[in-house]
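See below for the structure under consideration.
Because the structure is a prediction, the values reported are computed rather than measured. Naming convention: chains lettered A, B, ... in sequence-line order (proteins, then strands); numbering from 1 in each chain.
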Amino acid sequence: MNENMKKNKSITSRDVDFAKWYTDIVKNAKLASYSNVKGFTVFEPNGYALWENIQSVTDKKFKELGHQNVMMPLLIPESLLLKESEHIEGFAPEVAWVTTGGNKQLEEKLCIRPTSEVLFCDYYKDVVKSYRDLPKLYNQWCSVVRWEKETRPFLRTREFLWQEGHTVHETKEEAMKETDQMLEVYRQVFEDYLAMPVISGKKTESEKFAGAEYTLSIESMMYNGVSLQSATSHYFGQKFTKPFDVKFVNRNNEFEYAYQTSWGISTRSIGGMIMCHSDDNGLVIPPRIAPRKVVIIPIGKSSKVSAIANDLKEKLNKSNIETFIDDSDKSIGFKFAEHEMNGIPFRIELGERDLLNNTIIIARRDNYTKKAVSLDIDIVKYIINEIDVMHNDMFNVAKKRMEEKTYICHNLDEMKEVMENHPGFIKAMWCGNEACEKTIKDIRGTKSRCILENEEKVDTKCVCCGHDAKDLVIWGIQY
RNA sequence: CGGGAAAUAGCACAAUUUGGUAGUGCACUAGCUUUGGGAGCUAGGGGUUGCAGGUUCAAAUCCUGUUUUCCCGACCA
């Protein structure tokens, strides 16, 4: 009998096989399961609750900044999609089509939205008439479909949940400001709620969104040093509004095409959160985003113990700290392991032995520390404070790792050495030539993540061709 | 899209080589005893072996196709 059978739940170590570890976590923590159609997954309650929390903190920020939610159609007529050529070229290979309705062949095939720029533009053309109608700050929460070849739960699925904000503005400056502002919102969501440090910057021409003037992104680093594009914010200028005829009468009584942005964050962020924080005992959820924050485990059958447990639970729940009691007949060890697998941030252990000392034990999921805490303290205040402490600790662990795995390179050999032996972010200068990006891609698929605009340059020559360098770029192996 | 591996109960696997009534552990249900790091005993329930064909008296097992998953590579937001 091996260790696995005895333990029943087993996950591969993240240091041994990171990819398998990841899918083990998703499966064992009951976040998602596979369906019969490739790339389409079931979000189980534990996984969906995470998305709901990410959604609620993000949505609140959008609304504070004046955005409104709408719903656009699921289907896009082919002719509409074809209006912007760069856009369709970028998305055509991964679009799914509806060709029949009932048992009738459709006259025009309809694509299942891979993103909704064209739908928003088609709508905006009818409702934007004057500069007085601007800006339009709309967003929608929905799922989109992209026919990916290789799929992995949360990280790359053919259908995924996301949010896509689409705004149109009177001026270029205002639209560009919106693009920056929304990237900053995403940075806050990742750093302040998901405890994931990020870097941000502009995408290179070859990496930008199909049809955009430019794309900004935030990039985060996983436990194994691989990078993940975590959210994007695009500035379109008039590239869509011209072909879609979204024009308005400006303050000089002239027609002008509106300036447009779009920005999105998806359920991929859940995958990033897992790969950034979780460990060999299961999921570790940043406490501010955890759907269930505290589990109370009464030990023994004492009625006094269960009364105190109930009291604690009620106090915490009243203060919106989601708490539940596990008084099932499972053994203590089983419960500990189970809730660790599910990533519950705090565990309160409570038995007769503790009552003798008038204490309870509070254990942290992220670093396994256990503390005896007096029953006389204000438990709500204590947990609220601990949530912040844990959040900061998790953020700092991730940040330290990101800093340790960020390398400065001056030539291809140095890049190879890093990516082949201990991948991470590479800071290196780039001449701006796509050919060099292609050459660098031969190193385990290393791609430019983003251009760092406000940082000191690390060299004067391109890391690849040795010609004069233009930009400081962060490079990484991507998920 | 190329190369490789796999699919048997909720999970992990056995039985496949050599065709012959589909099994084990955990999980699940009931009862009793337990409880400070994955409990014990007793009694139960759960399978058209991914799907579709074919060969055969007989298919989890052999053959063909297909779908899904995982790994490696190419492609791609």
| A:Lys370 has an atom NZ; how far is it from atom C1' of B:rG37, in whole Å? | 7 Å
| Can the ring centres of A:Phe324 and A:His339 be said to be less than 6.0 Å apart? | yes
| Residues two or more places apart in sequence or in another chain: which of them pass salt bridge (charged side-chain N to carboxylate O under 4.0 Å, His left out) with A:Glu434? | none
| request: Taking salt bridge (charged side-chain N to carboxylate O under 4.0 Å, His left out) as the test, write out the residues that go with A:Glu414, two or more places apart. | output: none
| message | Would you measure the distance from the C1' atom in B:rA9 across to the matching atom in B:rA52 and give it in whole Å? | response | 23 Å
| query | Do the side-chain N and O atoms of A:Ser230 and A:Glu219 include a donor-acceptor pair separated by under 3.5 angstrom? | reply | no
| Between B:rU18 and B:rC1, how far is it from one P atom to the other, in whole Å? | 35 Å
| Can you name the residues that form a side chain to side chain contact (heavy atoms under 4.5 Å, CB included) with A:Asn69, not counting sequence neighbours? | A:Asp59, A:Lys63, A:Asn139, A:Trp141
| field | Distance flag, aromatic centroids of A:His87 and A:Phe240, threshold under 6.0 Å | value | yes
| said: I need the CD-P distance between A:Glu148 and B:rC1, as an integer number of Å. | reply: 14 Å
| How would you label the contact of A:Phe209 with the nucleic acid (heavy atoms, under 4.0 Å): base, sugar-phosphate, or nothing? | nothing
| query | Quantified in whole Å, what is the C1' atom distance between nucleotide B:rG23 and nucleotide B:rG4? | reply | 30 Å
| said: Taking B:rG46 as the reference, what is the distance to B:rC32 when you measure between their P atoms (whole Å, please)? | reply: 24 Å
| query | Is A:Lys441 touching bases, backbone alone, or none of the nucleic acid, heavy atoms closer than 4.0 Å? | reply | sugar-phosphate
| request: Check the distance between B:rC26's P and A:Phe334's CZ and give it to me in whole angstrom. | output: 13 Å
| message | With rounding to the closest Å, how many angstrom separate the P atoms on B:rU56 and B:rU67? | response | 28 Å
| said: Could you tell me how far B:rU16 sits from B:rU61 if I compare only their C1' atoms? Round to whole Å. | reply: 4 Å
| request: Could you give the distance separating B:rU17 and B:rA60 at their C1' atoms, to the nearest angstrom? | output: 14 Å
Pair up each side-chain donor or acceptor in residues 113-121 of chain A with any protein partner under 3.5 Å, not counting sequence neighbours, and list the distances.
unit_1   : atom_1 : unit_2   : atom_2 : d
A:Arg113 : NE     : A:Ser143 : O      : 2.9
A:Arg113 : NH1    : A:Met72  : O      : 3.0
A:Arg113 : NH1    : A:Pro73  : O      : 3.2
A:Arg113 : NH2    : A:Ser143 : O      : 3.2
A:Thr115 : OG1    : A:Glu117 : OE1    : 2.6
A:Ser116 : OG     : A:Gln140 : NE2    : 3.2
A:Ser116 : OG     : A:Glu164 : OE1    : 3.4
A:Ser116 : OG     : A:Glu164 : OE2    : 2.6
A:Glu117 : OE2    : A:Ser262 : OG     : 2.7

| Quick one: do A:Lys370 and A:Glu349 make a salt bridge, cutoff under 4.0 Å? | yes
| Heavy-atom protein contacts under 4.0 Å, nucleotides 28-36 of chain B, coded B base, S sugar-phosphate only, - none | S-----BBB
| query | Say you pick atom P in B:rU8 and the same atom in B:rC51; how far apart are they, in whole Å? | reply | 10 Å
| remark: Result for 5'-nearest mapping on RNA chain B, choosing between A:Lys27 and A:Gly445, is A:Lys27
Pull out every protein N or O sitting under 3.5 Å from an N or O of nucleotides 4-6 of chain B, one pair per line with the distance.
none

| request: Starting at atom CD1 of A:Ile344, determine the distance to atom P of B:rG37, rounded to an integer number of angstrom. | output: 20 Å
| task | Specify the separation, in whole Å, of atom CG of A:Leu31 and atom C1' of B:rC11. | result | 16 Å
| message | Going by the rule ring pair (Phe, Tyr, Trp, His ring centres under 6.0 Å), which residues pair with A:Tyr214 if we only count those two or more places apart in sequence or in a different chain? | response | A:Tyr235
| query | For the pair made of CG in A:Asn28 and C1' in B:rC11, what is the distance, rounded to whole Å? | reply | 8 Å
| message | Are A:Phe40 and A:Trp147, when compared by the centres of their aromatic rings, separated by less than 6.0 Å? | response | yes
| note | Output field dot_bracket for RNA chain B (Watson-Crick or G-U, both distances under 3.5 Å, | for other-strand pairs) contains (((((((..((((......[..)))).((((((.....)))))).....(((((..]....))))))))))))....
| query | Starting at CD of A:Glu338 and ending at C1' of B:rA27, how long is that distance when rounded to a whole Å? | reply | 11 Å
| request: Determine whether any donor atom in the side chain of A:Arg347 lies under 3.5 Å from an acceptor atom in the base of B:rG37, or the reverse, and answer yes or no. | output: yes
| task | Could you tell me whether A:Arg146 contacts a base, only the sugar-phosphate backbone, or nothing, with contacts defined as non-hydrogen atoms closer than 4.0 Å? | result | sugar-phosphate
Would you tabulate the pairs of protein nitrogen or oxygen atoms and nucleotide nitrogen or oxygen atoms of nucleotides 68-72 of chain B closer than 3.5 angstrom?
unit_1 : atom_1 : unit_2   : atom_2 : d
B:rU69 : OP1    : A:Gly39  : N      : 3.2
B:rU69 : OP2    : A:Lys38  : NZ     : 3.4
B:rU69 : O3'    : A:Tyr34  : OH     : 3.3
B:rC70 : OP1    : A:Tyr34  : OH     : 2.9
B:rC71 : OP1    : A:Arg152 : NH1    : 3.1
B:rC71 : OP2    : A:Arg152 : NH1    : 3.4

| Partners meeting ring pair (Phe, Tyr, Trp, His ring centres under 6.0 Å) with A:Phe425 (sequence neighbours left out) | none
| said: Looking only at side-chain N and O atoms, does A:Thr241 offer a donor or acceptor that is under 3.5 Å from a partner on A:Gln260? | reply: no
| query | Excluding sequence neighbours, so at least two apart, what forms ring pair (Phe, Tyr, Trp, His ring centres under 6.0 Å) with A:Tyr259? | reply | none
| task | Report the distance from atom CD of A:Gln478 to atom C1' of B:rC76, rounded to the nearest whole Å. | result | 8 Å
| request: Could you list the residues that satisfy ring pair (Phe, Tyr, Trp, His ring centres under 6.0 Å) with A:Tyr382, not counting sequence neighbours? | output: none
| Within 45° cone of A:Trp162 ring axis and under 6.0 Å: A:Arg146 NZ or CZ | yes
